[in-house]
Amino acid sequence: MTSPKPGEKRQVSPTAAPVDKKAKLDLPSTHREEALSNELSSAGPSKSSTTTKKPSRKAVRTAQKNRKKLIELEPCSRDDIYWHEINDLLGKDAVDEAIEAGSDLDAPFGFREEVDLVISELSSNGEGIAKAPPDRKPWAVIIPFTLPGERVRARIYRHARLLSFADLVSVEEPNTDMRDMSAVRCRYFGTCAGCQYQMLSYDMQLQLKRNVVVKAYGMFSDLPSTSVPPILPTSPSPLQYGYRTKITPHFDTPEKVYKKHAKNKKLKSDAAASENGDAAIEVDGAIEPKVDIGFNQVGKREVMDIEECPIATPILNEVLGPMRERIQKNMHLYKKGVSLLLRDSLEISPSQPTLSLTPGPSASVANTLPHLQPTPNSIDEMNDLSGAFEKHVCVTDHRATVRERVGTMLFDYPGGQFFQNNNSVLVSLVEYVRDAIFPAGVPTVVSEIVEPSATTSTTDVPTHLVDAYCGSGFFSVMLSPHFTRVAGIELSADAIRFATHNASLNSLPTTKCTFLAGDASAIFATVQDFPRARTAVLIDPPRKGCDEAFLKQLRDFRPEVVVYVSCNVHTQARDVGALVRESKMESEVEGKKGIGWYRLESVRGFDLFPQTAHVESVAVLRLVK
Ligand SMILES: C[S@@+](CC[C@H](N)C(=O)[O-])C[C@H]1O[C@@H](n2cnc3c(N)ncnc32)[C@H](O)[C@@H]1O
């Protein structure tokens with residue numbers, strides 16, 4: 001038996017024994033999932049079945065579901081990435097052996113056991129990975145905030161397949177070439193799940209992100225190494241703190257917190273307060289207990305109370321404090337937990353044209369606090385333009401209109417919709433995409449619609465742009481000066497309304513940019529009049545990447561150049577690999593030899609998320625004949 005590919009199914013006996021989670025939790029040094037896996041591996045009618053109560057169907061189903069969850073991984077998901085990394089770290093033989101023996105879910109650690117480990121490498125998810133000590137069976141451990149070569153003490157809290165997760169207790173021997181704790185700016189670093197890399201120099205962060213791109217193409221593209229060009233150095237973000245234009249702090253259901261507090265503290269006034277479904281009391285003018293409002297704690301579902309986030313823009317931090325106080329005072333009014341929205345916006349003056357969802361407020365009114373700060377699209381622009389100082393406000397309403405400036409263009413979009421989160425890097429990102437589409441140099445700005453003749457050769461520069469997954473038209477509008485026609489498609493009808501509005505906000509001719517609400521694959525039917533040899537297709541899908549239907553339509557359309565932008569380099573590598581392979585196979589079919597295939601020309605990471613392990617990736621594919 002060989003180690004299964006991610007997502008490959010393993011049979012689970014329908015007679016698997018039931019799991020009494022509570023009882024297993026009480027076992028000393030035994031973790032819930034370890035207990036679960038032990039139960040499951042003893043599947044089959046038990047010898048003592050005459051004395052043991054028959055498991056209920058529900059219990060069997062739950063046990064099977066839990067096992068399945070640990071084994072059948074969503075391809076390219078976080079867990080699937082770990083699985084690939086573990087296979088590399090432990091070696092195929094060890095993995096196959098454990099699967100063969102059926103011990104791939106039996107962890108060699110107890111729940112909350114503390115172990116000394118040496119970190120072997122960094123996972124693409126940002127944590128250190130260590131091998132279990134030599135006196136244990138081959139197993140891997142994931143520990144956040146650790147670096148390769150470090151000797152650390154860690155406390156195990158969860159198991160998966162051939163893998164355990166642990167909290168970092170202490171770094172016994174730090175990697176002093178990499179770790180610089182004086183660089184850390186956030187007091188919650190090491191506990192908050194938001195940032196992974198504050199202890200690293202920025203150059204080191206960029207190097208690590210390049211490694212993630214390299215590994216992603218190795219793990220998921222399924223291309224020979226000769227088909228993957230050397231991954232380019234990661235493009236830096238001009239701002240490394242104070243860049244994030246959107247944050248979503250949240251809090252849990254207050255009632256739960258009150259009940260827990262009441263139970264723990266046994267407050268005298270609990271009974272009275274509980275009668276109102278509210279165990280909060282006023283102590284010296286302050287509401288007790290305070291509900292934590294902030295971000296998730298690393299490795300836990302618990303929310304941490306965080307009053308400031310140094311990667312967020314200044315206006316968001318200014319608003320966060322008073323907002324938290326207001327909510328805390330009125331916490332008893334909340335029946336459920338809430339995810340708050342704070343979005344950095346330029347103030348929209350009442351005289352300026354804008355669009356909003358229903359009659360909701362825009363960035364000119366309500367829920368905003370003004371703040372003067374430079375618009376950090378480019379340092380040159382900031383220095384050169386006298387109007388570079390614009391008023392920033394914080395939008396907290398999902399339906400309110402947010403405005404951002406990128407270079408010379410303005411964008412409006414609803415607060416709850418997608419927009420790139422790091423404004424400071426967007427001009428360089430667009431310029432990179434533009435230069436990839438026009439490798440011989442950017443043509444003079446195209447101001448009029450001049451349809452190319454039908455006899456154009458493939459060496460002609462692109463004149464048409466398809467913007468798939470276009471959101472509120474960011475790439476369409478930014479790149480429109482270089483094309484005669486632009487067509488965008490996007491699932492969200494609201495985003496499409498804003499894309500159309502953004503074209504007019506930036507005075508683009510109405511005939512130049514057209515936007516369609518629908519599934520991305522529907523775009524190709526609407527651009528049949530676009531000359532394929534002079535069309536560039538830009539793809540910027542959500543994290544899950546493109547589906548088969550879209551990739552098939554794209555190959556059928558066969559544009560001259562494809563630029564694939566993604567916040568998930570793993571699904572990007574998968575899709576790019578498929579595009580290269582399938583297009584090559586198609587081009588080798590008798591009678592189709594002239595259609596050409598896609599060569600992966602370049603891949604480069606962009607750092608849209610400094611201090612975190614995330615990386616945006618831009619892949620460029622060109623049709624070769
Ligand atoms: C990463 S965002 C990119 C948005 C835009 N390119 C930008 O830079 O602002 C991905 C977008 O794809 C949209 N989307 C998701 N699934 C889609 C689908 N099947 N077809 C078209 N658009 C889709 C989402 O609504 C989201 O706006």
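Quick caveat: nothing in here was measured; it's all calculated off a predicted structure. Just so you know, ligand 1 is whichever comes first in the structure, and atom 1 is the first atom listed for that ligand.
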Could you check whether any side-chain N or O of Gln420 sits under 3.5 Å from a backbone N or O of Asn422, counting only pairs where one atom can act as donor and the other as acceptor?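 Judged by distance alone, no pair lies under 3.5 Å.
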Check for me whether Gly518 has a heavy atom closer than 4.0 Å to any atom of ligand 1.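 Gly518 counts as a contact of ligand 1 under the 4.0 Å cut-off.
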Sub-4.0 Å heavy-atom approach of Pro541 to ligand 1: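 It does; at least one heavy atom falls under 4.0 Å.
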May I ask you to identify, for [X], whether its side chain, its backbone, both or neither come under 4.0 Å of ligand 1 on a heavy-atom basis?
X      : value
Tyr469 : both
Ser472 : neither
Gln417 : neither
Phe550 : neither

Test of proximity, [X] against ligand 1: N or O pairs below 3.5 Å:
X      : value
Asp540 : yes
Glu490 : yes
Ala520 : yes
Lys544 : no

Closest non-hydrogen protein atom to [atom], residue and atom name please, with distance?
atom                    : value
atom 19 (N) of ligand 1 : Asp519 OD1, 2.8 Å
atom 15 (C) of ligand 1 : Pro542 CG, 3.5 Å
atom 22 (N) of ligand 1 : Leu491 N, 3.1 Å
atom 8 (O) of ligand 1  : Gln420 NE2, 2.7 Å

Salt bridge [X]-[Y], side-chain N to carboxylate O under 4.0 Å:
X      : Y      : answer
Arg558 : Glu586 : yes
Glu85  : Lys215 : yes
Arg622 : Glu560 : no

Between [atom1] of [X] and [atom2] of [Y], what distance do you get to the nearest 0.5 Å?
X      : Y      : atom1 : atom2 : answer
Asp529 : His464 : CG    : NE2   : 6.5 Å
Ser566 : Phe606 : OG    : CZ    : 13.5 Å
Gln553 : Arg555 : CD    : CZ    : 10.0 Å

Pair Phe438, Phe483 - check ring pair (Phe, Tyr, Trp, His ring centres under 6.0 Å), show working. CA-CA 11 Å; Phe438 303 103; Phe483 293 93; 5.4 Å; yes
With atom 5 (C) of ligand 1 as the reference point, say which of Ala517, Cys470, Ala468 has the nearest heavy atom.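 Selected option, by shortest heavy-atom distance: Cys470.
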For Phe475, the ligand 1 atoms whose distance to one of its heavy atoms is below 4.0 Å: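 Answer, ordered by atom number: 6 (N), 8 (O).
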Run the numbers for me: atoms of ligand 1, each under 4.0 Å from some heavy atom of Phe474, listed by number.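 Within the 4.0 Å cut-off of Phe474, ligand 1 contributes 7 (C), 8 (O), 9 (O).
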What is the ring orientation for Phe411 with Phe419, classed by angle as parallel under 30°, tilted 30 to 60°, or perpendicular over 60°?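 Answer is tilted, since the angle falls between 30° and 60°.
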Close side-chain approach of Ser235 and Tyr432, heavy atoms under 4.5 Å: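 Ser235 does not reach Tyr432 side chain to side chain.
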With the side chain counted from C-beta on, respond yes when Val425 and Phe609 share a heavy-atom pair under 4.5 Å apart, and no when they do not.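 No, side chains not in contact.
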